[in-house]
Engineer: 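Got a structure here, written out as structure tokens. Questions coming.
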Amino acid sequence: MSGDKRFYITTAISYVNGPPHLGHAYESISCDVIARFMRLDGYDVMFLTGSDEHGQKVEKTAQANGKQPQQFCDEIAALFKDMTRLLNISNDDFIRTTEPRHIRSSQALWKKLEANGDIYLGKYAGWYSVRDEAFFAEDELTKGEGGKFLAPSGAEVEWVEEPSYFFKLSAYGDKLLKHYKDNPDFILPHYRRNEVTNFVKQGLTDLSVSRTSFKWGIPVPGDEKHIMYVWLDALTNYITAAGYPDVDSASFKKFWPADIHVIGKDIIRFHTIYWPAFLMSAGIELPRRVFGHGFLNIEGQKMSKSLGNVITPKSMVDEFGLDQVRYFLMREVPYGNDGSFSKESMVNRINSDLANDFGNLAQRVLSFIAKNLGGALPIPGALTADDRALLDAAKAALPDMREAMKTQQIHRMLEAVWKVVGDANRYIDAQAPWALRKTDPARMGTVLYVAADAIRILAIYAQSITPAAAEKLLAQLGVPEGKRKFADIETPIVGGTALPAPSGVFPRYVEAEGAA
RNA sequence: GGGCCCGUAGUUCAGUGGUUAGAACGAGCCGCUCAUAACGGUUAUGUCGCAGGUUCGAAUCCUGCCGGGCCUACCA
């Protein structure tokens, strides 16, 4: 723990049972915005994403597709990697749980748990359906003919016992509760923390952490008939990528503990109970925060295969544009809540916030400069109180943005930025450079200079959310690539600089002619 | 059954005891014309879920009820 400016953020790793959907995209984009924001703010960031590739379901799905598990994983993992490129995700690493570094790391962690006396051999018992190749809880079962129990699929289940290693999770309840209490922001949003706390208070039972009934997983060190429980394996990815088990390595010392694990609300328990307990047992520092984000509804309905409304990231990006999709998802949905996507709300956001307010702001100023000042930034005269007020407002947004991002309130960060967009539009209307053109050309130049400098600051801010458009805009303003960090907002734009011909960065969304 | 969260303008939400409850989008009117038919100004809209209570004073605290969401347990 130190005040050094480094930041380690992770997404959940995606289970390769199926291709990426909008939910994966949402999580990746949100983490990317956080990661970019921290880089812009001068942090040395490690941003990790990846794929979770072991387990019975993958083994089975591969088989159903007539493929070896590894080949199947390679294919699906490639789709997830493609998605990160499609979405302009700035991850520094992409970890796959089938990689040697991860197998080594997982086995090392296992040995630590074992050495600490938290692993013991017992029996895993439960109702098993051979046809489904899965265990079921008693309340999932129904009674069929002759009193036999049936799985939800209708398949017969039988009582099965197999040897299994267990982790003494029951010994960690009080330690976990103390950790939640001492670190109130360990679990965000707060109502999730309440849920987890209540769950832990009810008492924890030991966790089965190995299986012998299938093969696709990481062998238990010293007893290779067993493979490790897929969650133990999966969670370990976060330390693997930091360099575990080489705890003395530069990267591990620098980046662990992670600052934040961003996950979906469905896997909070694994990240806030199991994972911290494993780390405590192994004597490894805990991550500083686990943030559970919500799910997206589509036109008011849950996204599901059976409803046939699953949206792929690609189809959405193709229709609306990448930066537009990124902006919409981050602005429309308070981060942590469930959100809803509808075409109507998407088009509203694109056209009002991006095209009309921000895009048009840049265009009205840049094209004015191009037409009336020969395409070179004007050299300003003395600044008036109004001029300084706009530039001060633009700079003053940064502390508000930082405050919002301390607790991942991405939508609030964006509100702070767009408030300045409004200020800049008002400034231009009030100063009316088109009138000054005839009466006071020197003052006109100053106004345009100030407006351009405010737009520069806004574009620097916008790099976290709409990176491609923001970079295009910065290029149009002649801002060098080395002068685009948050710290650079204090360095004014250089008057006299020749600018390239302007072109819009956020086009309006117009319904295609003849479309329904 | 236990617990948590939410119910505020047409819509999405902000607002945790104190003057006439706010923002954005949408709507009406006015202005401007540099700009992506964009921008700015202005107006209007609310019994702050319902009913009680505490208080000099409640959207804000307490109780009950109704409605929505979630976690969890049990009935088995």
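Predicted model only: the values in this text are computed from it and were never measured.
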Engineer: Which nucleotide wins on minimum distance to the side chain of Asp429(A), given the candidates rU36(B), rG40(B), rC71(B)?
Structural biologist: rG40(B)
Engineer: Rounding to the closest angstrom, what is the interatomic distance between rC13(B) and rG57(B) at atom P?
Structural biologist: 34 Å
Engineer: Could you let me know what rG46(B) is paired to, Watson-Crick or G-U wobble, both distances under 3.5 Å, or none if it's on its own?
Structural biologist: none
Engineer: Can you confirm if the NZ or CZ of Arg211(A) lies within 45° of the ring axis of Tyr124(A) and under 6.0 Å from the centre of its six-membered ring?
Structural biologist: yes
Engineer: To the side chain of Asn356(A), which of rU36(B), rC25(B), rC5(B) is closest?
Structural biologist: rU36(B)
Engineer: Which part of the nucleic acid does Asp357(A) contact within heavy-atom distance under 4.0 Å: base, sugar-phosphate only, or nothing?
Structural biologist: sugar-phosphate
Engineer: Does Asn360(A) make a side-chain donor-acceptor contact with the base of rA35(B), cut-off 3.5 Å?
Structural biologist: yes
Engineer: Name the pairing partner of rU63(B), where a pair is Watson-Crick or G-U wobble with both distances under 3.5 Å, or state none.
Structural biologist: rA51(B)
Engineer: Tell me the partner of rA9(B), counting only Watson-Crick (N1-N3 plus N6-O4 or O6-N4) or G-U wobble (N1-O2 and O6-N3) with both under 3.5 Å; none if nothing fits.
Structural biologist: none
Engineer: Look at the side-chain N and O atoms of Lys419(A) and state whether any lies under 4.0 Å from the OP1 or OP2 oxygen of rA23(B).
Structural biologist: no
Engineer: Please report, rounded to the nearest Å, how far the P atom of rA35(B) is from the CG atom of Leu473(A).
Structural biologist: 17 Å
Engineer: Let me know, please, whether Asn337(A) or Arg192(A) comes out on the 5' side of the other along RNA chain B by nearest nucleotide.
Structural biologist: Asn337(A)
Engineer: On RNA chain B, does the nearest nucleotide to Asp338(A) precede the nearest nucleotide to Asn425(A) from the 5' side, or the other way round? Give the residue.
Structural biologist: Asn425(A)
Engineer: Main chain of Ala277(A), side chain of Ser281(A): is a donor-acceptor contact present, judged purely on distance under 3.5 Å?
Structural biologist: no
Engineer: Does Glu415(A) reach a base, just sugar-phosphate, or nothing at all? Heavy atoms under 4.0 Å.
Structural biologist: nothing
Engineer: For the pair made of CZ in Arg193(A) and C1' in rG3(B), what is the distance, rounded to whole Å?
Structural biologist: 15 Å
Engineer: Can you tell me how far P of rU36(B) sits from CG of Leu354(A), to the nearest Å?
Structural biologist: 17 Å
Engineer: Could you tell me how far apart Met444(A) (CE) and rC34(B) (P) are, to the nearest whole angstrom?
Structural biologist: 12 Å
Engineer: Can a side chain N or O of Arg508(A) be found less than 4.0 Å away from OP1 or OP2 on rA37(B)?
Structural biologist: no
Engineer: In the structure shown, which nucleotide is the Watson-Crick or G-U wobble counterpart of rG40(B), with both distances under 3.5 Å?
Structural biologist: rC30(B)
Engineer: Please report the distance separating the P of rU47(B) from the corresponding atom of rG10(B), rounded so that it comes out in whole Å.
Structural biologist: 8 Å
Engineer: Could you tell me the separation between the CZ atom of Arg364(A) and the C1' atom of rA35(B), rounded to a whole number of Å?
Structural biologist: 6 Å
Engineer: Look at the rings of Phe270(A) and Tyr274(A) and say which category their plane angle falls in: under 30° parallel, 30 to 60° tilted, over 60° perpendicular.
Structural biologist: perpendicular
Engineer: Using a cut-off of 4.0 Å on non-hydrogen atoms, how would the nucleic acid contact of Arg426(A) be classed: base, sugar-phosphate, or nothing?
Structural biologist: sugar-phosphate
Engineer: Could you check which of rG3(B), rA35(B), rC39(B) has an atom nearest any side-chain atom of Gln363(A)?
Structural biologist: rA35(B)
Engineer: Could you state the CG-P distance from Leu361(A) to rA38(B), rounded to the nearest angstrom?
Structural biologist: 16 Å
Engineer: Heavy atoms under 4.0 Å, any strand shown: does Lys265(A) hit a base, just sugar-phosphate, or nothing?
Structural biologist: nothing
Engineer: Mind checking the P distance from rG22(B) to rC6(B)? Whole angstroms is fine.
Structural biologist: 22 Å
Engineer: Under 4.0 angstrom, heavy atoms only, what part of the nucleic acid is Val200(A) near: base, sugar-phosphate, or nothing?
Structural biologist: nothing
Engineer: Counting distance only, does the side-chain N/O of Asp206(A) pair as donor-acceptor with the main-chain N or O of Ser170(A) below 3.5 Å?
Structural biologist: yes
Engineer: To the nearest Å, give me how far apart CE (Met330(A)) and C1' (rU12(B)) are.
Structural biologist: 17 Å
Engineer: Test your reading of the model: is there a side-chain donor-acceptor pair from Arg388(A) to the backbone of Leu383(A), 3.5 Å cut-off?
Structural biologist: yes
Engineer: Is Trp434(A) stacked on the base of rC34(B), with ring centres under 5.5 Å apart and planes under 30° apart?
Structural biologist: yes
Engineer: So Arg412(A), base contact, sugar-phosphate only, or nothing? Heavy-atom distance under 4.0 Å.
Structural biologist: sugar-phosphate
Engineer: In whole angstroms, how far is the C1' atom of rG26(B) from the CG atom of Asp353(A)?
Structural biologist: 13 Å
Engineer: Does any nucleotide pair with rC56(B) by Watson-Crick or G-U wobble geometry, both distances under 3.5 Å, and what is it?
Structural biologist: rG18(B)
Engineer: Counting only N and O atoms by type, is there a donor-acceptor contact under 3.5 Å from the side chain of Glu332(A) to the main-chain atoms of Met346(A)?
Structural biologist: no
Engineer: Judged by atom type as modelled, is there a donor-acceptor pair below 3.5 Å linking the side chain of Asp52(A) to the main-chain atoms of Ile13(A)?
Structural biologist: no
